[in-house]
Protein chains: 2
Amino acid sequence: MVKSDQFSITPIVASSSLRTLAYEALKAAITKMDIYGRPDEVRLDERKLSQDLGVSRTPVREALTVLEQEGFVRSEARRGVFVIKKTKKEIVGMIHAWAALESMAARLACERATDAQLKSLREIFPEFYEGRPSEHIDEYSDANIRFHQTIISLGQCEVIQDLSSNLLMHVRGIRNTALRQGERAEKSIKEHVQIIKALEARKGELAEGLVREHGLGLAAHVHQYGDYLV
Amino acid sequence: MVKSDQFSITPIVASSSLRTLAYEALKAAITKMDIYGRPDEVRLDERKLSQDLGVSRTPVREALTVLEQEGFVRSEARRGVFVIKKTKKEIVGMIHAWAALESMAARLACERATDAQLKSLREIFPEFYEGRPSEHIDEYSDANIRFHQTIISLGQCEVIQDLSSNLLMHVRGIRNTALRQGERAEKSIKEHVQIIKALEARKGELAEGLVREHGLGLAAHVHQYGDYLV
DNA sequence: ATCGGGTATCTGGTATACCAATAATCTGCC
DNA sequence: GGCAGATTATTGGTATACCAGATACCCGAT
């Protein structure tokens, strides 16, 4: 008999329910739009969204419920659904929480990750070590986020990964902006090198501390320069 | 004319929507039931829940959506909604995340809380300092949770508070069980005293480290003794 | 012209009907 | 008696209809 293992099951499309579809569409729209650019509040109309997406209100409402849970929108009864503008205080709080989680991930990564995995952190910044990251600020910004995400994934703690990815969605834009201010980029890259060294040396507590200080530095930076936030 | 300030506006009832009502009812039912006692999976029937609660499926579904987001239930298309049993690995991960957040809260509390607020931590354990907490294990268990919640609230970071309270809901049961095993309770109370002293002395990094070690100790304990989990 | 009140309209919240996919059951052939 | 195929029942997913509160608008009295 043919062993079924020999067939690589087609991943099927399976795709997703309309609810998931609506969720992804709305989330993309929200994160893409520059919320902090416009001064007025952005209101979402369930019925209009339903029409635009070509589905009924039900999956749209369920998607909005999830987005509300995640802190992207706020629903007021018989008023409307509004895209949330985070205050500076909230952003700083998120960075604090992020720093706490990432530092713990760094500690766990020291115990759990392989040498090869830790070494892969260096490859995220291929040429930036030569200096002057501010000249390739967009590429560096992406690499920067990838770096932190990698540390978190190397911690191999699913809970931390989930919580962090949620926080990242909110903070992503700010991270990029902050890099362009002051000496943030130059400061950042030096700290990254230190972090990588600590991880490779399996110095868990040191890596943990460095990651935390790095995150707290960003928080302080935003607290000081984040006047574009509410 | 009468100044409206002279009227103390009645807080109104406002109360809540049926969705919130259903959410709270379901959450209470889930957290109250001993999930890990019974070996079989618990399935929830939307239609039955609707009847029992006396509302339609819509608010029940929305409540279930939130609970799914929070990790209490898992919904399989055309299969059913199931109460999630956390694996030991997941529980340990949650405790790790909790330790990370609480330790950051401790650090922040050192900078932000008043002396009086920090001193209030001592009042949580009125008589247990005399020793033998294992004789009043139930009271001590409650006080224990209150202690950690207080530290987090003194950090005055809303994001951390929200994330932690969510984690606590999942871990609460385990925390109590762990206290009854081995010397956990005695060990725990000694560490609490150290934590309070560090906080009162405004030694932020020390308090942070102690809280983290305390949390990691619990994680290791559960990892070792938590065989009652899957 | 301005203000007050009443009405039309719009909004999210809720109830309900229908659908498709799965699982449970039945049926009939071997 | 056992098993394959068809049928029925059940379930979550979706669409739609209706409700009540809140807002916006209109109109008449002053």
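In what follows, chains are A, B, ... by sequence order, proteins preceding strands, each numbered from 1. Source: prediction; values computed, not measured.
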**Report entry** Pairing of B:R212 and B:E102 as salt bridge, 4.0 angstrom limit
**Finding:** no

Atom CZ of A:R74 and atom P of C:dG12 are separated, to the nearest Å, by 13 Å

task = Evaluate the side-chain contact (heavy atoms from CB on, under 4.5 Å) criterion for residues B:L199 and B:C110: first the C-alpha distance (whole Å), next the side-chain angles of each, then the deciding distance (0.1 Å), finally the verdict.
result = CA-CA 6 Å; B:L199 286 170; B:C110 272; 3.7 Å; yes

Pair A:K48, A:D52 - check salt bridge (Lys or Arg N to Asp or Glu O under 4.0 Å), show working.
CA-CA 6 Å; A:K48 188 173 187 324; A:D52 293 352; 3.2 Å; yes

Residues in residues 48-55 of chain A with a heavy atom under 4.0 Å of DNA chain C, by number, are none

By ring pair (Phe, Tyr, Trp, His ring centres under 6.0 Å), B:H221 pairs with (sequence neighbours left out) B:Y225

Side chain to side chain donor-acceptor pair (under 3.5 Å) pairs touching residues 22-32 of chain B, sequence neighbours excluded, are B:Y23-B:K27, B:Y23-B:E70

A:S120 meets the side-chain contact (heavy atoms from CB on, under 4.5 Å) criterion, sequence neighbours left out, with A:E123

Separation of C:dC10 atom C1' from A:E46 atom CD, nearest Å, is 12 Å

- Given side chains that start at C-beta, do those of B:E41 and B:R74 come closer than 4.5 Å, heavy atoms only? yes

The complete set of side chain to side chain donor-acceptor pair (under 3.5 Å) pairs with one or both residues in residues 53-66 of chain A, sequence neighbours excluded, reads A:E46-A:R57, A:E46-A:R61, A:R61-B:E62, A:E62-B:R61

Does a side-chain heavy-atom distance below 4.5 Å link A:Q149 with A:S164? no

Contacts of B:I91 meeting side-chain contact (heavy atoms from CB on, under 4.5 Å) (sequence neighbours excluded), chain-then-number -> B:Y36, B:K86, B:I95, B:I174, B:V222, B:L229

Under a 4.0 Å heavy-atom criterion, DNA chain D is touched by chain A from D:dT14 to D:dT23

So ring pair (Phe, Tyr, Trp, His ring centres under 6.0 Å) across residues 60-105 of chain B, not counting sequence neighbours, yields B:F72-B:H170

Within residues 58-72 of chain A, the residues having a heavy atom closer than 4.0 Å to DNA chain C are A:R61

Taking N or O atoms only and anything under 3.5 Å, show me the protein contacts with nucleotides 18-25 of chain C, one pair per line.
unit_1	atom_1	unit_2	atom_2	d
C:dA21	O4'	B:R78	NE	3.4

Residue set satisfying side-chain contact (heavy atoms from CB on, under 4.5 Å) with B:S188, at least two apart, ordered chain then number -> B:Y140, B:N144, B:L179, B:H192, B:H214

Contacts satisfying salt bridge (Lys or Arg N to Asp or Glu O under 4.0 Å) that involve residues 148-173 of chain A (not counting sequence neighbours) are none

